[in-house]
Asker: 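Let me give you the structure first, and then I'll get to my questions.
All ligand and atom numbering here is 1-based and tracks the order in the structure. Positions are given from 1, in the same order as the sequence printed here.
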Amino acid sequence: MAKPKYTTHLGMVDILPDESPKWRALEQIIHEEAAKFNFEEIRTPIMEQTELIVRGIGQLTDIVSKEIFAFKKGDSHYVLRPELTAPVVRAFVEHHMQQRGGSQKLYYIGPMFRAEKPQKGRQRQFHQFGVEIIGSDDPVADVECISFMMQIYKRIGIKNFELKLNSVGDPESREAYKEALRDFLKPNLDKMSELSQKRFEKNPMRILDSKEEEDQEFIKKAPVIQDYLNDESKEHFERVTNYLSELGIDYTLDPYLVRGMDYYTRTAFELTSPDLGSQDALAGGGRYDLLVEEIGGQDTPAVGFAAGMERLMIACEELDINLAEEKSVDVYFVTLGDEARNWALSHLPKVREAGLSATMDYMSRSMKAQMKDANRENALYTIIVGGNELQEGKFTLRNMKESEEASLEFEAIVEKLTQKLL
Ligand code: AMP
C-alpha cells in the first residue's frame with residue numbers, strides 16, 4: 001500500500017533553511033529600529049478567547065464573520081489570533097500595564113491566522129510586525145507610529161509606496177456621518193450586496209470597505225467623513241497631517257479609507273506598494289481610542305499599526321533587495337579515517353569557543369566529496385586532517401577563496417583563524 005503523503009494546510013507555508021536567514025535579518029532590523037524608538041517587545045499566546053476577538057475586532061468585519069479559525073475544547077472557545085491589537089490590549093488590561101506609568105510603547109513580531117482564499121501575498125498563516133502605543137491621544141503618538149513604520153521600509157530600501165491617510169472621526173463625528181451615510185445609501189440599498197445590507201443598520205461605515213462589485217458605484221458617490229468631523233477630530237487630524245509634513249513624510253488623503261476592523265477612531269492609515277500587484281497593502285493602522293474600554297479596561301486612547309512581513313519579502317524580491325548575506329561557515333574539518341574524525345569531533349568545540357562557526361562531515365565521505373561539500377556550505381576555511389597530520393601534529397589550513405594553504409599546529413590554526421590571517 002502506498003504510504004500517505006503529507007503537506008501543509010492550504011495557505012500555510014514552510015520557511016525553509018534557504019529562506020530563514022532573510023526572515024531573521026528582517027526581525028533583527030525590526031528589533032534594532034524598535035530599540036531606537038524605545039518600543040518594548042510584547043509576546044502573547046497564539047490562541048485567544050474567541051469572545052475577545054469577536055468583541056475587539058467587530059462581529060460584522062470580514063475577519064470575524066468569515067476568516068477566524070476557531071474551535072472548542074472543553075468549555076473554552078479558542079481562536080487562532082487573526083491580528084494582535086485586541087490581544088495586546090487584552091494583555092494591557094489583564095496585567096494593569098497602565099501602572100507601569102506613562103504610555104505603553106509596545107511592538108511585536110509573530111504569526112497570525114486568517115482563513116482567507118490564498119493567493120500571492122495572502123496566506124492563512126502569515127506574519128506581522130506592529131506597534132501599539134497605549135495611553136496617549138496626542139497626535140505625536142500617531143506620527144511616531146507612522147514614522148516607525150516608514151523607517152523599517154526606508155532602512156530596507158523600499159521607497160516606492162503610498163501612505164494613505166484618513167480620519168474616521170470620534171464617536172460623535174461618526175454618529176453624524178453614519179446617519180448621513182444611511183440617508184445616502186437607503187434609496188439603493190436593495191441593489192447592494194447582501195453583506196452591505198446586513199451592515200447597513202449596525203455599521204454602515206463598513207460598507208465603504210466592501211469589495212463587492214455591485215456596491216462600488218454607490219461607495220464612489222457616498223458622502224465623505226471629512227464633512228462630518230467635529231472640531232476636536234478635525235483639529236487632531238490637522239495636527240497629525242502638519243507633523244507629517246514637518247517630518248517630510250508624504251501622504252495622500254483617502255476619505256473612504258476605513259480599514260478592516262471596527263475599533264478604529266480618528267486617524268486611519270494604510271501603506272500600499274505598486275510593486276505588490278493585487279495584494280498591494282504593505283501595512284495599515286490607526287487610532288483605537290475605544291478599544292481598551294470596550295474590552296474591560298479604563299477609558300484609554302491608543303494608536304497602532306500592523307505590517308505584513310510576507311508582503312515586505314515580496315517587495316524585496318521585486319526590487320532585488322537581499323536582506324541576508326550569503327550563508328557561510330568559517331571552518332570545515334575535512335577528515336580521512338576514523339581517527340581523524342574523532343580528532344575533529346573533539347576539536348570542533350575549540351574552534352567554536354574562539355567565536356567561529358565550524359562543522360565537519362557526518363557521512364564518512366571521501367576527501368573529494370568533503371571538499372565539494374565544504375564548497376557547497378560556502379566554507380571560508382578547511383582544516384584537512386589525515387593519518388600523517390595526526391602523527392606530525394600539524395594540519396593543513398586552506399583558505400578556500402584564495403586557494404592558499406599552510407601547515408600548522410592546531411593552536412596556531414585557531415590563532416590565525418581568529419585573526420583571519422591566512
Ligand atoms: P490588517 O491587520 O488587516 O490591517 O493587515 C495589516 C497588514 O498585514 C496588511 O497590510 C498586509 O500586509 C498583511 N496581511 C493581512 N492579511 C494578510 C494575509 N492573509 N496574508 C499575508 N499578509 C496579510
Asker: If you measure every N or O of Ile63 against every N or O of ligand 1, does any of those distances drop under 3.5 Å?
Answerer: no

Asker: Hey, is Arg122 one of the residues with a heavy atom under 4.0 angstrom from ligand 1?
Answerer: yes

Asker: When you check the side-chain N and O atoms of Lys372 and Asn375, is any donor under 3.5 Å from an acceptor?
Answerer: no

Asker: Decide whether Thr252 and Glu162 meet the rule of one side-chain donor and one side-chain acceptor closer than 3.5 Å.
Answerer: yes

Asker: Judged on heavy-atom distance to atom 7 (C) of ligand 1, which of Ala115, Ser273, Gly308 sits nearest?
Answerer: Gly308

Asker: Picking from Arg311, Lys22, Lys120, what satisfies salt bridge (Lys or Arg N to Asp or Glu O under 4.0 Å) with Glu317?
Answerer: Lys22

Asker: Do the rings of Phe148 and Phe37 sit parallel, tilted or perpendicular, given the 30° and 60° boundaries?
Answerer: perpendicular

Asker: May I ask you to check whether His77 and Gln49 show a side-chain donor-acceptor distance below 3.5 Å?
Answerer: no

Asker: Going by the order shown, which atoms of ligand 1 are within less than 4.0 Å of some heavy atom of Glu116?
Answerer: 16 (N), 17 (C), 18 (C), 19 (N)

Asker: Under a 4.0 Å heavy-atom limit, does Glu270 contact ligand 1 with its side chain, its backbone, both, or neither?
Answerer: neither

Asker: Taking atom 2 (O) of ligand 1 as the point of reference, which of Met112, Glu83, Arg114 owns the nearest heavy atom?
Answerer: Arg114

Asker: Backbone, side chain, both or neither: what part of Ala281 comes under 4.0 angstrom of ligand 1, heavy atoms only?
Answerer: both

Asker: Considering only heavy atoms of Ala283, which atoms of ligand 1 have at least one such atom less than 4.0 Å away?
Answerer: 10 (O)

Asker: May I ask you to identify, for Leu282, whether its side chain, its backbone, both or neither come under 4.0 Å of ligand 1 on a heavy-atom basis?
Answerer: backbone

Asker: Under 3.5 Å, is there a donor-acceptor pair linking the side chains of Arg100 and Gln104?
Answerer: yes

Asker: Quick check: Glu310 and ligand 1, any N/O pair under 3.5 Å apart?
Answerer: no

Asker: Any side-chain donor paired with an acceptor under 3.5 Å for Thr272 and Asp280?
Answerer: no

